[in-house]
Amino acid sequence: MIAELERAAEALRNAKSVVVLTGAGVSAESGVPTFRASDGLWEGHRIEDVATPTGFERDPALVWQFYNARRANVAAVQPNPGHVALSKLEDRFTDAFTLVTQNVDGLHLQAGSRNVLEIHGSLRETRCLGCATVENRGLEVLGDRPLCPRCGARLRPNIVWFHEMLPVVIWETAQLAAAGCDVLLVVGTSAVVYPAASLIPIAKSTRARGATIIECNLTPTAVSAEVDIGLYGPAGETLPALLAAL
Ligand code: APR
């Protein structure tokens, strides 16, 4: 592990441009549950019921209850040392740093990260099904059938559900950053959900040399065989250790 940490630090020291891809694992130590529990349920719900457009059509009140509970959970937690280490890493690279997150909890921004691409949306945002306005409502609980204050139409969470497209401009920006980076740091994701996980092959293959891929996860994952350096342990410990080794 110490040798891997030193190799990772060396790759970062030599990098001009860095992209980080994070998933639920980076927030696990803050107390936000990860997704892929062994029972296939998501906090007691089937994913089809609470995280698909058809689930929302069928029972919007259930979906809002689910997301209000997630908003309340996030309102009660704080960024952990892993989030903080990533915000300090950005200070080192300034403009040549992009943090792409699959998380909707906003904890990277709360920890001080600035160039954050929330490719799966945000728990804090609502989107109007009538006038399409996206609004940041913070983490206030919104009731079972919230309506747009502008046009009166129904609101939905501004979250990318299964079977939906990623926000086009945000996703294109993420792909461009991955294609041009020297190091891609992949933190706390099972890397089985696409297109997010495709940032790994994009970073590896777009440039002649390819980026160095560093994985930080509790355990090896589906992509571990393809990464160059693996740091296995809680991200709240490995990321501060990596920063300290720079
Ligand atoms: N430190 C590092 N990694 C951790 C930690 C930790 N403390 N705790 C858990 N992990 C790792 C797990 O080993 C796992 O690989 O985090 C990963 C979490 O994986 P998932 O639950 O699948 O989460 P994620 O990869 O973010 O899911 C992607 O799927 O459900 C959709 O849209 C949702 O954005 C989400 C996407």
Side-chain angles (χ1 to χ4, degrees), residues 1 4-5 8 20-53 55-56 63 66-67 70 73-74 77-86 89 99-108 111 116-125 156-167 170-171 174 184-200 213-227 229-243:
M1 173 75 172
E4 290 289 279
L5 194 68
V20 182
L21 170 65
T22 66
V26 77
S27 294
E29 289 156 78
S30 292
V32 183
T34 57
F35 297 100
R36 291 187 165 66
S38 51
D39 59 5
L41 295 179
W42 193 357
E43 309 215 339
H45 294 287
R46 296 187 320 148
I47 283 175
E48 304 88 276
D49 291 338
V50 293
T52 63
F56 186 67
V63 174
F66 174 76
Y67 280 98
R70 295 186 65 201
N73 172 248
V74 166
V77 305
Q78 293 296 325
N80 67 58
H83 297 106
V84 173
L86 290 175
L89 193 62
L99 197 162
V100 182
T101 188
Q102 300 168 87
N103 299 344
V104 295
D105 57 35
L107 291 178
H108 287 300
V116 179
L117 300 174
E118 293 179 310
I119 58 173
H120 288 173
S122 168
L123 269 183
R124 287 167 171 75
E125 291 173 356
R156 59 163 280 176
N158 194 32
I159 301 277
V160 178
W161 285 326
F162 289 93
H163 314 306
E164 293 190 310
M165 302 273 290
L166 268 51
I170 291 174
W171 177 237
L184 175 68
L185 184 58
V186 182
V187 184
T189 176
S190 52
V192 294
V193 171
Y194 283 80
S198 67
L199 293 182
I200 298 165
I213 316 289
I214 305 171
E215 176 174 58
C216 291
N217 200 300
L218 213 45
T219 57
T221 66
V223 293
S224 297
E226 295 156 46
V227 310
I229 302 168
L231 302 175
Y232 298 108
E237 295 174 16
T238 53
L239 291 174
L242 179 57
L243 195 77

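Ligands are counted one by one from 1 in listed order, and the atoms in each one are counted from 1 as well. We number each residue from 1, following the sequence as shown.
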Answer with side chain, backbone, both or neither: which part of Gln102 has a heavy atom less than 4.0 angstrom from an atom of ligand 1? both

Taking all non-hydrogen atoms of both residues into account, name the closest pair between Val74 and Asp105 and its distance. CG1-O, 3.4 Å

For ligand 1, find out whether one of its N or O atoms is nearer than 3.5 Å to an N or O atom of Cys216. no

Scanning both residues in full, the closest heavy-atom pair of Ala174 with Leu199 reads O-CD2, 3.9 Å

Heavy atoms of Thr221 and Ser224 approach each other most closely as N-OG, 2.6 Å

Which atoms of ligand 1 have any heavy atom of Gly188 under 4.0 Å away? 3 (N), 16 (O), 17 (C), 18 (C)

Give me the ring orientation class for His108 and His83: parallel if the planes are under 30° apart, tilted from 30 to 60°, perpendicular past 60°. perpendicular

Is any N or O atom of Ala235, backbone or side chain, closer than 3.5 Å to an N or O atom of ligand 1? yes

Residue Ala28 vicinity, atoms of ligand 1 by number, heavy atom under 4.0 Å: 8 (N)

Counting from 1 in the order shown, the ligand 1 atoms closer than 4.0 Å to a non-hydrogen atom of Gly23 are 26 (O)

Least distance between heavy atoms, Leu86 atom then Thr22 atom: CD1-CG2, 3.9 Å

Aromatic rings Phe56 and Trp161: how do their planes relate, parallel, tilted or perpendicular, breaks at 30° and 60°? tilted

For ligand 1, which atoms sit closer than 4.0 Å to a heavy atom of Thr219? 13 (O)

Shortest heavy-atom approach to atom 22 (O) of ligand 1 - which of Gly25, Pro33, Ser190: Ser190

Nearest heavy-atom contact between Asn103 and Ser27 is ND2-OG, 3.6 Å

Glu29: numbered ligand 1 atoms lying under 4.0 Å from its heavy atoms: 1 (N), 6 (C), 7 (N)

Would you tell me whether Glu29 and Asn80 have side-chain atoms, one donor and one acceptor, within less than 3.5 Å of each other? no

Any atoms of ligand 1 less than 4.0 Å from a non-hydrogen atom of Ala24? List them with their elements. 23 (O), 24 (P), 26 (O)

If you measure every N or O of Pro234 against every N or O of ligand 1, does any of those distances drop under 3.5 Å? no

Less than 3.5 Å between some nitrogen or oxygen of Thr221 and one of ligand 1, yes or no? no

Asn217-ligand 1 polar pair, N/O distance under 3.5 Å: yes

May I have the step-by-step check of side-chain contact (heavy atoms from CB on, under 4.5 Å) for Leu89 and Leu99, ending in yes or no? CA-CA 10 Å; Leu89 193 62; Leu99 197 162; over 6 Å; no

